[in-house]
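Order of the sequence lines sets the chain letters (A, B, ...), proteins ahead of strands, with each chain counted from 1.
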Number of protein chains: 2
Amino acid sequence: MYYARGRGGTEAFFCPSVSVCELSIMANMKQIAKLAGVSLGTVSHVLNGTARVREPLRKRVLEVVQASGYQPSQLARGLRRDKTNMIAMIIPDIMNPFFPSVVRGAEDLAFANGYRMILCNTDNDHAKEIVQLQSLRSYFPAGLIVISSNFSDLTAQAKSYRENGAAVVCIDRLPPNWDGDTVTIDNVDGARKATRFLIEQGHKAIAMIAGPQLLTNAQDRLEGYRRAMQEAGLLILPGLVQEASFDHAGGYTKTKMLLRLLPRPTAIFASNDMIAMGALRAIREAGLRCPEDISLIGFDGLDLTEMITPQLTSVYQSPYQLGATAARIVLDRVVDRESSPRHVVLGTELRIRESVARPPACAANRPSR
Amino acid sequence: MYYARGRGGTEAFFCPSVSVCELSIMANMKQIAKLAGVSLGTVSHVLNGTARVREPLRKRVLEVVQASGYQPSQLARGLRRDKTNMIAMIIPDIMNPFFPSVVRGAEDLAFANGYRMILCNTDNDHAKEIVQLQSLRSYFPAGLIVISSNFSDLTAQAKSYRENGAAVVCIDRLPPNWDGDTVTIDNVDGARKATRFLIEQGHKAIAMIAGPQLLTNAQDRLEGYRRAMQEAGLLILPGLVQEASFDHAGGYTKTKMLLRLLPRPTAIFASNDMIAMGALRAIREAGLRCPEDISLIGFDGLDLTEMITPQLTSVYQSPYQLGATAARIVLDRVVDRESSPRHVVLGTELRIRESVARPPACAANRPSR
DNA sequence: ACGAGATTTTGAAACCTTTTATTTCGGTAA
DNA sequence: TTACCGAAATAAAAGGTTTCAAAATCTCGT
């Protein structure tokens with residue numbers, strides 16, 4: 001079926017040489033225009049709503065589009081518009097259990113709005129991050145969502161992207177001198193709540209295994225801990241704060257050190273759940289029990305903390321929301337390019353499970369095995 | 001600096017109107033050609049090695065490209081070539097702990113070869129899968145890596161992709177009637193090894209919590225279990241095989257059922273690690289100990305199985321390798337389009353940890369609490 | 001019924017590459 | 001000197017969309 005070109009003509013003819021089936025392989029706009037009996041421009045206008053098109057014509061075009069299964073080439077469209085329907089996401093490592101939910105949150109929102117995600121891992125490697133940033137430009141993404149590596153100053157790169165109309169949103173932790181859009185969580189508050197909870201349970205010798213202090217989120221969590229301790233008038237004895245990488249190994253090693261302290265801490269606040277998992281292992285290997293001998297609190301509230309024994313008390317944050325919010329901002333920026341930077345701060349929630357108890361009566365004096 | 005056009009002229013002139021700095025914003029090929037004093041085509045040939053270019057000219061072009069930081073537009077290139085440097089990956093859900101490594105493996109190989117990954121989640125939803133497949137076409141990916149949802153017959157879609165020169169590789173589990181490239185693991189063998197190990201430890205009443213029997217990998221694991229039991233002359237008593245979803249909840253529920261059986265099984269083989277995690281919880285809630293009262297084996301060998309207590313004995317497979325191999329095939333297919341389908345089968349490895357012990361002396365007769 | 005003004009529709013240029021056909025060049029053989 | 005050859009460089013077309021200026025049509029008041 002195709003339609004005769006012209007104003008009045010709405011009669012349909014059968015056209016033996018160009019069948020719908022043939023097209024379904026890969027039709028282009030020109031063919032759609034021809035079949036619908038309109039010009040290229042009109043098809044575009046119908047598809048994008050960029051101009052008023054009178055109903056009968058509009059209907060004819062849509063009909064042909066439907067029948068042929070036509071989809072505009074994202075490449076041609078991107079080339080012309082200097083902008084594609086892709087959002088690039090640059091994260092340290094998708095294998096780290098915190099990030100998948102962030103990615104999923106962003107992808108869901110992107111997909112729902114007809115956008116696709118390009119995923120890039122940097123391994124916290126500054127050089128790789130820069131390469132990613134540089135080379136992604138030639139794909140003309142609508143925006144970038146970045147979880148930055150430790151040192152990177154992304155200001156220059158971001159400026160260049162913004163000038164070409166692509167949004168750059170930094171999330172979770174912020175690179176130095178960052179002045180663009182951000183989505184973070186209230187790390188100080190979360191850490192404070194966790195520490196305060198331990199204090200309320202009667203703990204006094206509370207250790208913290210802080211994350212890498214190059215990262216703003218790790219810094220803030222330490223700050224929250226410090227503040228809670230100070231508010232309770234508790235002294236942070238030397239050695240009680242250890243810095244570790246955000247992983248199982250870090251937590252394991254530093255906990256071993258903490259357990260040798262005298263008096264031994266009765267509670268440990270881990271800067272994230274992976275550290276807490278490592279701590280749990282170290283605690284068990286030392287022949288101690290959690291929570292009877294040592295209480296433990298994590299941060300992030302990963303799913304897996306519910307699946308282990310004891311279920312881990314943890315400061316929950318929503319990584320899904322983190323990603324989704326970032327995607328939201330990118331999408332908003334497609335429409336509104338120039339408004340001032342947005343800074344969204346998400347809340348946290350202390351999820352009390354099984355890994356915290358009151359301190360043992362005279363734990364401080366008992367030798368550590 | 002720019003170069004005078006023409007054969008002999010290699011002298012450099014300064015051109016005040018078009019500086020390198022100006023270009024670094026976003027140069028295009030035309031400007032590069034002008035600056036290097038050559039034609040558009042020559043620049044393309046130099047960049048792609050598509051034709052012989054004499055050394056002095058070649059050098060001049062590269063010099064200008066270097067200085068200006070020029071990068072060809074992936075959109076224009078893709079439009080012209082009907083193929084981009086993107087590989088699309090369609091997986092059920094990145095939040096499921098098995099998939100991140102698969103994605104990472106593919107991304108690493110892709111990135112190393114100048115390709116990018118588009119990531120799509122289907123939630124095992126057939127409809128969503130089809131939508132993804134359909135709409136991704138307009139991005140002209142070089143290939144697709146698919147972990148299919150349960151029912152999908154992808155043959156038609158895949159054919160259409162192949163006709164347009166894009167590879168489609170199915171991995172992990174295969175959709176019905178699939179006749180294209182595949183990367184899988186030897187599930188039958190892995191399950192057989194696990195079951196045999198339990199038998200060697202003296203277990204006789206070995207239960208299996210099988211994954212969804214719609215999935216080929218779950219089918220094969222059950223088959224491996226059956227085979228090992230038969231080879232040992234052991235009967236699979238009714239109720240000993242339970243089908244569950246591939247997650248914590250599935251394992252938890254089915255284990256509760258298994259623990260009510262009389263005689264109670266002395267070992268459970270879980271079809272994946274998440275099921276095993278659920279089983280572990282159910283075992284503990286029943287007041288039983290693992291491995292003293294009940295032995296447990298998982299499948300996948302996720303990182304987290306090492307971090308829990310007891311460390312889980314599991315059939316390890318390399319999801320990273322799975323993804324990387326798939327990406328390798330896609331990249332190969334860019335060069336060699338038409339060779340016959342490849343079927344890579346990766347091996348597994350039984351990782352013996354702490355969750356398996358010999359069966360208790362008279363477990364079968366002890367009431368389950 | 002006619003014309004001005006408003007609304008639709010059209011045609012062509014532009015976006016940036018790749019690729020093919022063509023031109024140009026230097027050199028060799030007749 | 002001319003003709004011709006191979007190699008190297010170029011010019012132009014193509015790929016599919018968006019967008020803008022221009023053309024076509026419609027609407028409505030007289």
Side-chain angles (χ1 to χ4, degrees), chain A residues 3-10 23 25-61 65 68 70-85 137-140 164-165 334, chain B residues 3-10 23 25-34 36-61 65 68 70-85 137-140 164-165:
Chain A
Y3 295 91
R5 182 74 163 274
R7 284 278 148 159
T10 346
L23 285 179
I25 296 296
M26 183 112 307
N28 64 18
M29 217 159 166
K30 202 149 110 196
Q31 301 176 50
I32 300 296
K34 195 166 154 198
L35 257 68
V38 298
S39 76
L40 232 54
T42 304
V43 178
S44 175
H45 288 314
V46 169
L47 257 36
N48 299 308
T50 35
R52 236 205 159 90
V53 175
R54 238 166 315 175
E55 197 47 33
L57 232 53
R58 214 182 78 84
K59 205 176 130 213
R60 255 158 59 185
V61 170
V65 166
S68 65
Y70 165 74
Q71 293 180 285
S73 157
Q74 296 290 342
L75 300 181
R77 156 186 289 230
L79 177 61
R80 182 58 230 236
R81 285 193 168 168
D82 274 4
K83 184 177 293 194
T84 63
N85 284 322
R137 194 174 317 168
S138 55
Y139 290 88
F140 293 82
N164 292 333
V334 170
Chain B
Y3 295 92
R5 183 73 163 277
R7 284 275 150 162
T10 345
L23 284 179
I25 295 298
M26 184 113 302
N28 65 18
M29 217 158 165
K30 200 150 110 195
Q31 301 176 49
I32 300 295
K34 195 166 153 198
V38 298
S39 77
L40 232 57
T42 305
V43 177
S44 175
H45 288 314
V46 169
L47 258 37
N48 300 310
T50 34
R52 246 215 147 79
V53 176
R54 238 170 313 174
E55 195 47 31
L57 233 53
R58 213 181 80 85
K59 208 176 126 215
R60 257 157 59 184
V61 170
V65 166
S68 65
Y70 165 74
Q71 292 180 285
S73 156
Q74 296 291 340
L75 301 180
R77 154 185 288 231
L79 177 60
R80 182 60 231 239
R81 287 197 167 162
D82 275 4
K83 184 179 294 195
T84 63
N85 285 322
R137 193 176 315 169
S138 54
Y139 291 87
F140 293 84
N164 291 332

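- The minimum heavy-atom distance linking B:Lys83 with B:Gly165 is given by the pair NZ-O, 2.7 Å.
- One atom, NZ of B:Lys59, and another, C1' of D:dA9, lie 19 Å apart when rounded to the nearest Å.
- Straight-line distance from the CG atom of A:Leu57 to the C1' atom of D:dC26: 14 Å, rounded to whole Å.
- Between the C1' atom of D:dT17 and the CG atom of B:Leu75 lies a distance of 12 Å, rounded to the nearest Å.
- By the 4.5 Å heavy-atom criterion applied to side chains, B:Asn164 and B:Asp82 are not counted as neighbours.
- In this structure, CD in A:Gln31 is found 11.0 Å from CG in A:Leu40, a value given to the nearest 0.5 Å.
- Between the CZ atom of B:Arg58 and the C1' atom of D:dT10 there is a distance of 19 Å, rounded to whole Å.
- B:Leu47 has its CG atom 12 Å from the P atom of C:dT19, to the nearest Å.
- Considering all non-hydrogen atoms of both residues, B:Leu47 and B:Pro72 come closest at CD2-CG, 4.3 Å.
- Separating the OH atom of B:Tyr139 from the P atom of D:dT17 is a distance of 14 Å, rounded to the nearest angstrom.
- Between C:dT9 and A:Ser39, no contact under 4.0 Å exists linking OP1 or OP2 to a side-chain N or O.
- At C:dT8, none of the side-chain N or O atoms of A:Arg54 fall inside 4.0 Å of OP1 or OP2 (strictly under the cut-off).
- Where B:Thr42 and A:Arg81 meet DNA chain D, the nucleotide closest to each residue was compared, and B:Thr42 sits on the side nearer the 5' end.
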Sub-3.5 Å pairs of nitrogen or oxygen atoms, protein against nucleotides 14-17 of chain C:
residue: C:dA14; atom: N3; partner: A:Arg80; partner atom: NH1; Å: 2.8
residue: C:dT17; atom: OP1; partner: B:Tyr70; partner atom: OH; Å: 2.6
residue: C:dT17; atom: OP1; partner: B:Ser73; partner atom: N; Å: 3.3
residue: C:dT17; atom: OP2; partner: B:Met29; partner atom: N; Å: 2.6
residue: C:dT17; atom: OP2; partner: B:Tyr70; partner atom: OH; Å: 3.4
residue: C:dT17; atom: O5'; partner: B:Tyr70; partner atom: OH; Å: 3.0

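- Terminal axes of the helix from C:dA1-D:dT30 to C:dA30-D:dT1 (five pairs each, C1' rotation axis) are separated by 60°, to the nearest 10°.
- Between B:Gln74 atom CD and A:Leu75 atom CG the span is 10.0 Å, to the nearest 0.5 Å.
- B:Arg60 CZ to B:Ile32 CD1: the interatomic distance, rounded to the nearest 0.5 Å, is 13.5 Å.
- Residue B:His45 contributes atom NE2, which lies 15 Å from atom P of D:dA7 at whole-angstrom precision.
- Of the possible donor and acceptor atoms, one in the side chain of A:Thr84 sits under 3.5 Å from a partner among the backbone N and O of A:Phe140.
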